[in-house]
Structures are given as structure tokens and as C-alpha cells.
Amino acid sequence: MNIFVRESTGLVREVGPFRLLLMSMGYNGFLTIPFVYLAGLYLYGAGSIAYAALVVSWLMFIPGGALLWYYITRQYPRTAGDYVYFSRLSPPIGFAAWFNFTVGEMLYDAVLVYFAIAQLGTVMQALNNPLASVVLNPRNEFILAVILITVLIMVNVVSARAGLTMFAVMSLAALATFIASAIYVLSLPRGIIEGSLGIEYLKAANEANKVSVTGGLYGLFGMVAFTTAVWAYMNYPVTIGGEIRRDRLTVLLGIIGVLVLGGLFFTLFVAAFLKGFGLRFYVGGASYMSAYGLDNGYILVNPGADLALMHTPIAIALAYSSVLWYIAPVAGVIVQISRYLLAFSMDRVLPMALSYVSLRTHSPIMAHLVDLVVTIALIYILILTPLSSALLYAIDLDALVLLVFTFVVSILLALVMHVRGIIKLEASKRLLITLDLVYLMVLSIFVYYWLTQSQYYLLITGSPLQLLAESSIIFIVGLVVFAAASYIRSKEGGIPLSLTYAEIPPE
């Protein structure tokens with residue numbers, strides 16, 4: 001006889017293989033990573049490195065990370081199944097790591113909403129639209145961002161099914177326009193692009209002579225490191241593990257499929273723009289000008305704005321569609337945050353109110369409302385208060401926060417436990433240890449670049465020890481929250497918190 005201290009979530013298994021594939025790709029973020037990748041070319045973009053790094057960046061995560069996440073997702077079909085798995089290896093560390101992830105995703109959510117509005121204004125600015133200054137006015141940016149996040153979250157509050165469907169549809173639309181943009185640029189002769197951009201193209205190309213890039217293996221991984229924050233995140237299917245069906249095929253597409261197809265689409269997109277506009281344009285011109293604040297560099301390194309500058313009807317329509325590339329991940333993060341809050345609450349670490357799921361809508365209503373309040377507060381601080389610079393620093397640091405204190409900590413925990421024989425997965429000990437080591441090695445490469453050259457990857461400066469200390473704060477808070485919850489539960493005289501983590505909960 002089994003005694004469960006957690007009840008079922010009340011969520012419904014209705015996400016099939018194709019919809020999960022779309023959702024995983026929409027959440028993954030490769031739709032926006034070309035903006036960062038192109039901006040880094042002036043550092044390591046010499047010759048074939050720019051193209052080779054496109055492929056290496058996602059292929060290197062398959063041998064370790066993709067297979068490990070496949071096993072976890074396949075065998076832990078639970079809401080926030082990654083948190084469930086790692087917290088069953090070590091409750092305090094597992095909770096702290098995924099509490100860290102949830103708070104980090106709230107920051108990510110807020111900044112993506114803001115970036116979506118900023119992207120709209122940037123495209124309008126490239127088109128010399130007089131309304132661009134209206135959109136980019138801080139007060140209006142805040143109003144538009146609040147409207148956007150409120151609509152997205154309230155759809156999920158009204159119905160979990162509606163929220164998941166909205167996310168899948170947005171992901172499909174974003175992906176379709178992303179691919180269409182690559183095909184369109186690839187189909188145009190270079191002369192047409194140069195003629196369309198005119199003086200802006202010549203300015204960018206002329207800056208190429210000032211650039212000295214680093215090549216070799218160091219340069220290759222330097223370029224690859226710009227994509228780490230995307231390809232390291234393969235956990236969306238396990239986040240909604242309690243809502244997916246036909247799990248073998250669904251998980252295969254959601255984990256392996258997103259890396260293979262997403263990687264191919266990402267490679268196609270960047271390669272198309274490098275061929276269409278020229279590697280010289282991006283290496284020496286757009287990215288160099290952006291880095292040093294020269295003229296319109298911030299526009300020229302933006303693929304959506306580059307499309308707008310061409311002024312053809314198709315290019316303008318595709319340029320505006322680039323706003324969707326930011327909104328689609330937000331729609332996924334909204335779902336993800338609510339599921340982690342729900343799981344923490346059902347494990348009795350956070351207040352039980354967060355575990356409320358409507359019997360009619362199957363939506364974790366309180367978790368969504370908490371996310372809405374926090375996100376609006378973060379957007380307000382980011383745009384309209386003197387604390388915006390401090391929050392921007394935190395947001396820039398957020399990538400390191402998630403990489404080290406969620407993923408590296410989780411894989412280190414798994415490695416230690418797997419070596420000790422505490423596996424809790426139906427896979428051989430030797431295989432899991434190999435996967436842990438390979439995945440950890442890949443993540444460590446990027447931790448090295450981010451810590452030693454934080455000014456390029458995080459847009460902040462500081463010694464590696466300082467950055468690690470600062471990025472550990474949320475994780476440490478998670479440990480404190482867990483300790484406090486454990487103490488409170490013990491004083492209540494009910495079932496101890498440790499018993500919750502001794503079981504795999506029902507769904």
C-alpha cells in the first residue's frame with residue numbers, strides 16, 4: 001500500500017507530439033538568438049568559423065544533454081518533472097536549483113516582453129515611421145508591455161487548454177515567418193540588398209577594415225558560446241510532463257526534435273543573412289558598429305531591422321513579424337513558471353494556495369496571477385524607475401544564474417548521485433555517468449567564456465568570483481526557503497516534509 005502525501009494536480013494530458021514539438025521550438029529561443037550571434041561576429045567571425053559554429057553550437061548538446069533530458073522526461077511524466085527528479089536525488093539542492101530557475105525565468109519573461117515592444121519600435125524606426133518615437137517612449141513601452149503580458153497570462157487563467165493552444169499557434173506563426181525570412185533573403189541577389197540599404201550598407205562595410213577577429217578553436221567555441229543560453233534549455237517537455245500524451249513519440253520530438261530541427265532552422269536563418277548581406281557586412285560593419293555605438297549599428301545588427309531597411313512589401317511584412325519571435329517564447333515561459341510554482345506548492349514548500357487548479361479550466365490560477373503581478377512589477381522597475389540599471393544588471397547576470405545554478409548544479413548533483421548508485425532512472429549506471437560527464441563538459445566550456453569575457457556575453461564586467469557570488473544569490477535563497485519550510489512543517493505536527501520527497505508523486 002502506498003501513502004501519497006501529494007494529491008494529483010488536476011491538469012489534463014492533452015498535448016500531443018506535433019504540438020509539443022512546436023511548443024518546444026517556440027520556447028527554445030533560437031528565434032531570437034541570431035540577434036546575439038550576429039552581434040558577436042566582430043570578435044570571432046573570421047572566415048568559416050562563423051558557419052561552422054552554427055552547426056557545432058547545437059550538435060554538441062545531443063550526445064549528453066539531449067539524451068539525459070530524454071530519459072528524465074520519458075520516466076518522469078509529471079508537472080515540473082525535472083524538479084521532481086532532481087529534488088528526489090537531494091531535496092534541498094534539487095528545490096534550490098529549480099527555484100533558482102523559476103525566478104530566473106520570471107526575469108527572462110519580463111525582459112522578453114520589453115524586448116518585443118522594443119523590437120516593434122526598432123522596426124518602425126528603420127522604416128522612418130513617425131510613430132516609432134511614440135512606441136519607444138518609456139511610458140508607452142510600459143503600457144504596451146503590461147497589456148501584452150496581461151493578455152497572454154489571462155488567456156492561460158481562463159483555460160489551460162486555450163493557453164497551450166495559443167502558445168502552439170504563436171510558435172507555428174513565429175517559426176513560419178522565421179523560415180520565410182531566411183528563404184526570402186537567400187533568394188535575393190546581393191546587388192539588390194546593397195542597393196536597398198544604400199549608404200547604410202556602405203558605412204557598415206567600410207568599418208570592416210577596423211576589425212581584427214580571433215580564429216582557431218578558441219574562436220570557434222567563442223562564437224558557439226553566444227548560443228549556449230538557448231541550446232542548454234531542453235527541459236520544456238518535462239516541465240509540462242503531466243500534460244503530454246503518447247509520451248514516447250512526444251518526448252522524442254520534444255527533446256531530440258527541437259535540437260535537430262531547431263538547429264537546422266537556426267543555421268539556415270543565420271547562414272542566409274550572412275550570404276545575403278555578406279559576412280563582411282556583419283563582421284566588420286553591423287556588429288562592430290553596434291559594439292562601439294557607431295551610428296545605426298544597433299539597427300544594422302538586427303535581422304528584423306535589416307529586412308525593414310530593404311523597404312519591399314514582403315521584407316516589411318517579415319520585419320514586423322520579427323516581434324513574434326520574442327512573443328512566442330514568452331507564451332511558453334508563462335506556462336512553465338506556473339507549473340513550477342504549482343509543483344513547489346504541492347510538495348508543501350511554498351504556500352498551498354499556489355497549488356489551486358480550477359476544476360473547470362484546469363488552470364493553476366493563483367500561480368498565474370502571482371506571475372502576472374511579479375512580471376508587471378519587474379517591467380515597471382525596468383522601464384520607469386531609477387532602479388532600472390540594477391535590474392538590467394540582474395537580467396544580464398540571469399543567463400549565468402540559470403546556466404550555473406540550475407543546469408550545472410543539477411548535473412553535478414546527478415553525477416554525484418549516479419556514481420554513488422542512487423539513480424532513480426531506468427538506465428545503466430555507466431551510461432548515465434557518461435551522459436552526465438559529457439553534458440557537464442559542454443556546459444563548462446561556456447561557463448568559462450561567460451566568466452572570463454563577461455563584457456561580451458553578459459554585457460557586464462566583474463571578476464569570475466564576483467560574478468559567481470552574485471549569481472548564487474537566488475540559489476542560496478532557495479536553500480533558505482527550503483530550510484524554513486521544513487522547519488514550519490515539522491512544527492505543524494503533520495507529515496514531515498522529508499516524506500514528500502521520498503516518493504514520486506501521482507499526476
Side-chain angles (χ1 to χ4, degrees), residues 30-58 119 122-123 125-126 178-179 181-216 219-227 230 265-311 315 318-319 322 325 449 453 455-457 459:
F30 71 83
L31 300 169
T32 60
I33 205 66
F35 296 69
V36 179
Y37 188 89
L38 293 171
L41 284 171
Y42 80 102
L43 292 169
Y44 307 113
S48 61
I49 284 179
Y51 293 94
L54 293 174
V55 180
V56 172
S57 66
W58 53 274
Q119 179 67 7
T122 300
V123 169
Q125 195 174 50
F178 185 82
I179 296 171
S181 297
I183 293 173
Y184 181 71
V185 169
L186 203 58
S187 68
L188 293 175
R190 175 77 60 81
I192 292 179
I193 295 176
E194 291 181 10
S196 298
L197 269 62
I199 188 65
E200 298 294 341
Y201 189 93
L202 292 176
K203 284 182 187 177
N206 286 337
E207 295 294 336
N209 297 325
K210 302 178 181 178
V211 176
S212 177
V213 296
T214 301
L220 174 67
F221 284 113
M223 267 325 295
V224 168
F226 282 104
T227 72
V230 171
F265 293 148
F266 164 72
T267 301
L268 169 66
F269 184 93
V270 178
F273 275 76
L274 290 179
K275 181 179 183 301
F277 288 81
L279 183 59
R280 182 181 177 85
F281 172 82
Y282 282 113
V283 172
S287 59
Y288 179 86
M289 292 168 71
S290 175
Y292 291 94
L294 303 175
D295 201 7
N296 285 332
Y298 70 98
I299 288 182
L300 298 180
V301 79
N302 182 321
D306 286 340
L307 286 165
L309 288 169
M310 292 162 61
H311 288 92
L318 291 172
S322 66
W325 307 344
Y449 278 90
Q453 300 184 56
Q455 69 272 29
Y456 302 135
Y457 297 99
L459 302 180

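Numbers for residues simply follow the sequence, beginning at 1.
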Please step through side-chain contact (heavy atoms from CB on, under 4.5 Å) for the pair F281 and L197, ending with a clear verdict. CA-CA 11 Å; F281 172 82; L197 269 62; 4.0 Å; yes
How many angstroms lie between CD1 in I33 and CG in L54, if you round to the nearest 0.5 Å? 11.5 Å
Take W58 and F30 through the side-chain contact (heavy atoms from CB on, under 4.5 Å) test and state the conclusion after the steps. CA-CA 10 Å; W58 53 274; F30 71 83; over 6 Å; no
Is there a side-chain contact (heavy atoms from CB on, under 4.5 Å) between L186 and L268? Walk through the geometry before answering. CA-CA 9 Å; L186 203 58; L268 169 66; 4.3 Å; yes
Parallel, tilted or perpendicular: which describes the rings of F273 and F277, with under 30° parallel and over 60° perpendicular? parallel
Which atom names give the shortest non-hydrogen contact between Q119 and G304, and what distance separates them? NE2-CA, 3.9 Å
For a side-chain contact (heavy atoms from CB on, under 4.5 Å) check, start with the C-alpha distance between L41 and L274, then their side-chain angles and the critical distance, and finish with the verdict. CA-CA 10 Å; L41 284 171; L274 290 179; 3.6 Å; yes
Partners of F265 by ring-ring contact (aromatic ring centres under 6.0 Å, His included), sequence neighbours excluded? none
Applying ring-ring contact (aromatic ring centres under 6.0 Å, His included), name anything that partners F266, two or more places apart in sequence or on another chain. Y37, W231
Is L300 close to D306 at the side-chain level, that is, under 4.5 Å between some pair of heavy atoms? yes
What is the minimum heavy-atom distance between M289 and A204, and which atoms define it? SD-CA, 3.6 Å
Nearest heavy-atom pair of V185 and A272: which atoms, and what distance? CG1-O, 3.5 Å
Nearest atoms (heavy-atom pairs only) where A39 meets S287: O-CB, 3.4 Å
Side-chain contact test, heavy atoms from C-beta onward, threshold under 4.5 Å: evaluate it for Y288 versus V283 and give yes or no. no
Under the side-chain contact (heavy atoms from CB on, under 4.5 Å) test, which residues partner Q453, sequence neighbours left out? Y44, Y218, Y449, Q455, Y456, Y457
If I compare all heavy atoms of A319 with all of V123, which pair ends up nearest, and what's the gap? O-CG2, 3.6 Å
Distance-only donor-acceptor hits, side chain of residues 219-226, under 3.5 Å, sequence neighbours excluded:
none

What's the spacing between Q125 CD and I299 CD1 if we round to 0.5 Å? 4.5 Å
Pairs in or reaching into residues 181-199: which pass side chain to side chain donor-acceptor pair (under 3.5 Å), with residues at least two apart or in two chains? Y184-T312
With sequence neighbours excluded, tell me which residues meet salt bridge (charged side-chain N to carboxylate O under 4.0 Å, His left out) with K275. none
Pairwise distance CG(L318) to CZ(F178) - rounded to 0.5 angstrom: 12.0 Å
Could you state the interatomic distance from OH (Y201) to CZ (R280), rounded to the nearest 0.5 Å? 9.0 Å
If you take all heavy atoms of I193 and G276, which pair is closest and at what distance? CD1-O, 3.2 Å
